[in-house]
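Just so we're on the same page: letters track the sequence lines, and every chain starts at 1.
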2 protein chains.
Amino acid sequence: MTTHLNTAPPPANLNSSRRQKLSERIAGSLRQDFLSGQFSVGHKLPTESQLALSFGVSRTVIREAIAALVADGMLETRQGAGIFVIGLQRHQPLDGPILRQDRSSNISHALNVLEVRIALETESAALAAARRNPSQEAQIQENFFEFDRLLQLGKPTGQADFAFHRSIAEATNNPFYVEVLDALGERTIPCDVNSPHATEEVLSFAYQAGLQREHLAILNAISAGDAACARDAMRAHLSASQERYRERLRDRRTRYQSGVETT
Amino acid sequence: MTTHLNTAPPPANLNSSRRQKLSERIAGSLRQDFLSGQFSVGHKLPTESQLALSFGVSRTVIREAIAALVADGMLETRQGAGIFVIGLQRHQPLDGPILRQDRSSNISHALNVLEVRIALETESAALAAARRNPSQEAQIQENFFEFDRLLQLGKPTGQADFAFHRSIAEATNNPFYVEVLDALGERTIPCDVNSPHATEEVLSFAYQAGLQREHLAILNAISAGDAACARDAMRAHLSASQERYRERLRDRRTRYQSGVETT
DNA sequence: TACCTATTTTTGTATGATGACTTTTGCAAT
DNA sequence: ATTGCAAAAGTCATCATACAAAAATAGGTA
């Protein structure tokens, strides 16, 4: 018996060697087949049983592979009909240098997203003030304090920030607000430490405490049921965020011009 | 054995009402839980068996839901260890599984979409007024007259209506406005003859001429560069649309009560 | 404590069965 | 010959069960 001393915790060296699941291998194989143009949109794949047979695995594995590709937007399954190709040019799975590249030139994108958020969230804040039920009000407040707790602990707050805004969208009782906000997704989180454009300034206590002050104004307005006030507070918050972004752009330019490099 | 993949042409009613799979529902539910901040990165989920129990489905379904989220980059499964949250902020395409669902049969949903549009488009109209370049201004006007031309010819105008709104979003010079509007898609068109809830009243000349009057006010404001006025005109337009929807709801109720059935 | 081993837990894979939905086929009526 | 409809076959969706494989845990020995 081989004995490894590894009582190591699971801290998960993420993308390192891990035996690939069969369904992942097969999903990758199929994905490559699609991308190489062997199948065109609308084509029907062989049945699950046939695929299972030809790959030499069980139908379970095939189904999980198909499920992954469906989640990617490449395939569509129709009960009783079959499996069909519906799209090919989707984003890469995960391991993207593409993602990182995308981020680096992304501050201008973030500014654009913020602009859309101003439109969306000023209204959602107003609606939330008018319509929130007690449970939703409590949820908003909870997320507010969660942000605060993480802030005191010096932990990353980006996710809590998003949760706060999201719970306000939920309090509109209009599911589309939530869905649009979700769709905008991570691009809406400006201040996560995990973000590639996190700087010391973003992480500073003072910076985040400022955010929290703005959040508090929003929370108070919604709790009070003051729609107009909530609208203004949200607009002030997001406008301030926009301004913070612009400042960061200026900072970067300044640092570049003065030749300060900390590599 | 000729095992060639047949190109059997499925009716391809893509986003038509299709019963959602259990695994998709559960994946969506879990995804929303993550985004609302209930679980943080590194958190270990309950075991598959426990999840199956708590959701009241078989382990197979849970596994497929998990597989989809793994493909999304949200989760990681480790054999013998469990299921872990590894990332939340994966950008999801705007026409994601939820928005792609067909809800056109439900007027209340259309009202919700319209509410989001009010938030979005009042701002986009204002921004368009401030930023449009000559070419974009011309494009908006062209779409306006195209609507008019179709109206005179008695042809369907829904598409042109959408094009008009879309060109305004384009004139903001912020691509995300266009993206979000596109994602909301055709469900945002209240007056298409192809829409399942087209009625004689919707198709009436007077009705659409009214629409066009509102459009004209918007166009004039944008051409004049008057942001505040554009904002007001757009809000008036969409609010009026909302009201028209509500009227249609009342009509339907009235017809039902008086026993008139127009299968 | 340190190390090794056995047990338990948990995910991965396989198999078979049943239900639901779609497409095709066959047959009857016009 | 064409149309309409019902039966049949094909296919995915879900369930239940079993076993294998990897990891975590507990226990024992020096």
When the distance from [atom1] of [X] to [atom2] of [N] is rounded to whole Å, what number comes out?
| X | N | atom1 | atom2 | result |
| --- | --- | --- | --- | --- |
| B/Glu64 | C/dT11 | CD | C1' | 15 Å |
| A/Lys44 | C/dT22 | NZ | P | 14 Å |
| B/Lys21 | C/dC21 | NZ | P | 14 Å |
| B/Glu24 | D/dC12 | CD | C1' | 12 Å |
| A/Leu22 | C/dA14 | CG | C1' | 11 Å |
| A/Leu45 | D/dT11 | CG | C1' | 13 Å |
| B/Gln79 | C/dT9 | CD | P | 17 Å |
| A/Arg59 | D/dT17 | CZ | C1' | 16 Å |

On the nucleotide [N], are OP1 or OP2 found under 4.0 Å from the side-chain N or O atoms that [X] carries?
| X | N | value |
| --- | --- | --- |
| A/Ser58 | C/dT13 | no |
| B/Thr77 | C/dG12 | yes |
| B/Arg63 | C/dG12 | yes |

Report which part of the nucleic acid B/Thr60 touches: base, sugar-phosphate, or nothing (heavy-atom distance under 4.0 Å, all strands).
-> base
ask   = What's the verdict on side-chain hydrogen bond (donor to acceptor under 3.5 Å, both in side chains) for B/His165 and B/Asn143, showing C-alpha distance, side-chain angles and the deciding distance?
value = CA-CA 9 Å; B/His165 285 270; B/Asn143 287 330; over 6 Å; no
Given the rule in the side-chain contact (heavy atoms from CB on, under 4.5 Å) test, do A/Glu76 and A/Ile83 qualify, once you have shown the distances and angles that lead to the verdict? CA-CA 6 Å; A/Glu76 180 194 41; A/Ile83 309 168; over 6 Å; no
Next on the checklist: Does this structure show an ion pair linking B/Arg31 with A/Asp182, if we count only N-O contacts that are shorter than 4.0 Å?
Outcome noted: no
ask   = For DNA chain D, whose closest nucleotide is more 5', that of A/Ile83 or that of B/Gly56?
value =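 Going by which nucleotide is closer to the 5' end, it is A/Ile83.
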Q: Starting from the 5' end of DNA chain C, give me the residue, A/Ala81 or A/Ser23, whose nearest nucleotide shows up first.
A: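 Nearest nucleotide further toward 5': that of A/Ser23.
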Side-chain donor-acceptor pair under 3.5 Å between A/His215 and A/Asp161, yes or no?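 Yes, side-chain donor-acceptor contact under 3.5 Å.
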- request: Give a yes or no answer on whether the side chain of A/Ser29 reaches the backbone of A/Arg25 with a donor-acceptor pair at less than 3.5 Å.
  value: no
